[in-house]
Amino acid sequence: MHTDQIAIPVLDGYKTERLSGERIDFLINQANEQLEEISQKEDIYSDFLKKIEVPEKLDKIILWILLMSNETVCEDYIDEFKKNFRDIIPVSDLADLLIHVIHLKKVQDIELDGIDFLLKYEKECIEEVDQFAFTNALLYIQKSKEVEMEF
């Protein structure tokens, strides 16, 4: 996973300057609400877990990233629960939470259950989230290097 390779100063700068506490709190609350909703229907919840092949112990944020980055699970969730969403959860939400999780691990030295599983998880949709997060960090670096020129 490329996001895990972002240098600590860049990761910390991006998290501090681009991701507000309010945004992260909103995303975590949204994830928890949606996971709670899904878990109310045990058969669907169990089916979703099988589709992403999760280990026994997994932090809720990581579980939500894995579930919503899986296009089939996400589409089934939206259909099953009659969500008035587009066909996907915005990749930017997933990418922001991914950066938050990596920030917790690398900068704050906080281990979440399943972080190693997430970092080794190789599925098409999670790769897109990873690329989006990494690209955002690169754009942040580029923007921080820009200087105003006068002629």
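Hydrogens, waters and symmetry mates play no part in the numbers below; they use all other heavy atoms, side chains included.
- Annotation: side chain to side chain donor-acceptor pair (under 3.5 Å) contacts involving residues 59-69, sequence neighbours excluded, comprise Q34-W64.
- When all heavy atoms of E36 and Q40 are compared, the pair lying nearest together is OE2-NE2, 2.6 Å.
- Rounded to the nearest 0.5 angstrom, H103 NE2 and D96 CG are separated by 13.0 Å.
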| request: Check step by step if side-chain contact (heavy atoms from CB on, under 4.5 Å) holds for L27 and I61. | output: CA-CA 9 Å; L27 292 174; I61 297 171; over 6 Å; no

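- Taken to the nearest 0.5 Å, the CG atom of L118 stands 6.0 Å off from the CG atom of L98.
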| task | Using the side-chain contact (heavy atoms from CB on, under 4.5 Å) rule, take F134 and M1 through it: C-alpha gap first, then chi angles, then the decisive distance, then the call. | result | CA-CA 9 Å; F134 194 74; M1 179 171 282; over 6 Å; no

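- Contact annotation: the side chain of I28 approaches that of L97 to within less than 4.5 Å [non-hydrogen atoms, C-beta and beyond].
- Although no hydrogens or angles enter the test, the distance criterion places a donor-acceptor pair under 3.5 Å between the side chain of T135 and the main chain of Q131.
- For K51 and D76, the salt-bridge test passes: some basic side-chain N is under 4.0 Å from an acidic carboxylate O.
- With rounding to the nearest 0.5 angstrom, the CG atom of D4 is 9.0 Å from the CG atom of D116.
- A perpendicular orientation is assigned to the rings of Y140 and Y14, their planes being inclined by more than 60° (bins at 30° and 60°).
- For L66 against Y121, the heavy-atom pair with the smallest separation is CD2-CD2, 3.4 Å.
- When side chains are defined from C-beta on, K15 does not count as touching V107, because their heavy atoms never get closer than 4.5 Å.
- Using a 4.5 Å heavy-atom threshold, the side chains of K123 and E71 count as separate.
- The 12-atom threshold is exceeded at CD of Q108, counting heavy atoms of other residues, nucleotides or ligands nearer than 6.0 Å.
- Side-chain contact check for M68 versus Y77: some heavy-atom pair is nearer than 4.5 Å.
- Nearest heavy atoms, F81 versus I38: CZ-CA, 3.7 Å.
- Between R23 and D93, at least one side-chain nitrogen of the basic residue sits less than 4.0 Å from a carboxylate oxygen of the acidic one, meeting the salt-bridge criterion.
- Counting all heavy atoms, side chain and backbone alike, L58 lies closest to F117 at CD1-CD2, 4.4 Å.
- Atom CD of residue E42 and atom CG of residue L49 lie 11.0 Å apart, to the nearest 0.5 angstrom.
- Rounded to the nearest 0.5 Å, atoms CD (E111) and NZ (K105) are 4.0 Å apart.
- Inter-residue side-chain proximity for L67 and V54 is flagged as unmet; no heavy-atom pair is nearer than 4.5 Å.
- Remark: N32 CG to S39 OG distance equals 10.5 Å, nearest 0.5 Å.
- Dense packing is recorded around CG of D43, with more than 12 heavy atoms of other residues, nucleotides or ligands lying under 6.0 Å away.
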| request: Evaluate the side-chain contact (heavy atoms from CB on, under 4.5 Å) criterion for residues I62 and D113: first the C-alpha distance (whole Å), next the side-chain angles of each, then the deciding distance (0.1 Å), finally the verdict. | output: CA-CA 8 Å; I62 293 172; D113 290 329; over 6 Å; no

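- Stacking of K41 on the aromatic ring of F48 is not recorded, the 6.0 Å distance cut-off and the 45° axial limit not both being met.
- Looking at E33, E37, E75 one by one, the single match for salt bridge (Lys or Arg N to Asp or Glu O under 4.0 Å) with K83 turns out to be E37.
- Residues I6 and L139 fall into different hydrophobic clusters, defined by Ile, Leu, Val, Met, Phe, Trp and Tyr side chains chained together at heavy-atom separations under 4.5 Å.
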| task | Quick one: do N136 and R18 satisfy side-chain contact (heavy atoms from CB on, under 4.5 Å)? Show the steps, please. | result | CA-CA 10 Å; N136 281 353; R18 297 283 182 220; over 6 Å; no

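- Looking only at side-chain heavy atoms (C-beta outward), F132 and L94 stay at 4.5 Å or farther from each other.
- Just one residue in the list D130, T3, I8 forms a side-chain contact (heavy atoms from CB on, under 4.5 Å) with I102, and that residue is T3.
- For K143, the salt bridge (Lys or Arg N to Asp or Glu O under 4.0 Å) partners are E146, not counting sequence neighbours.
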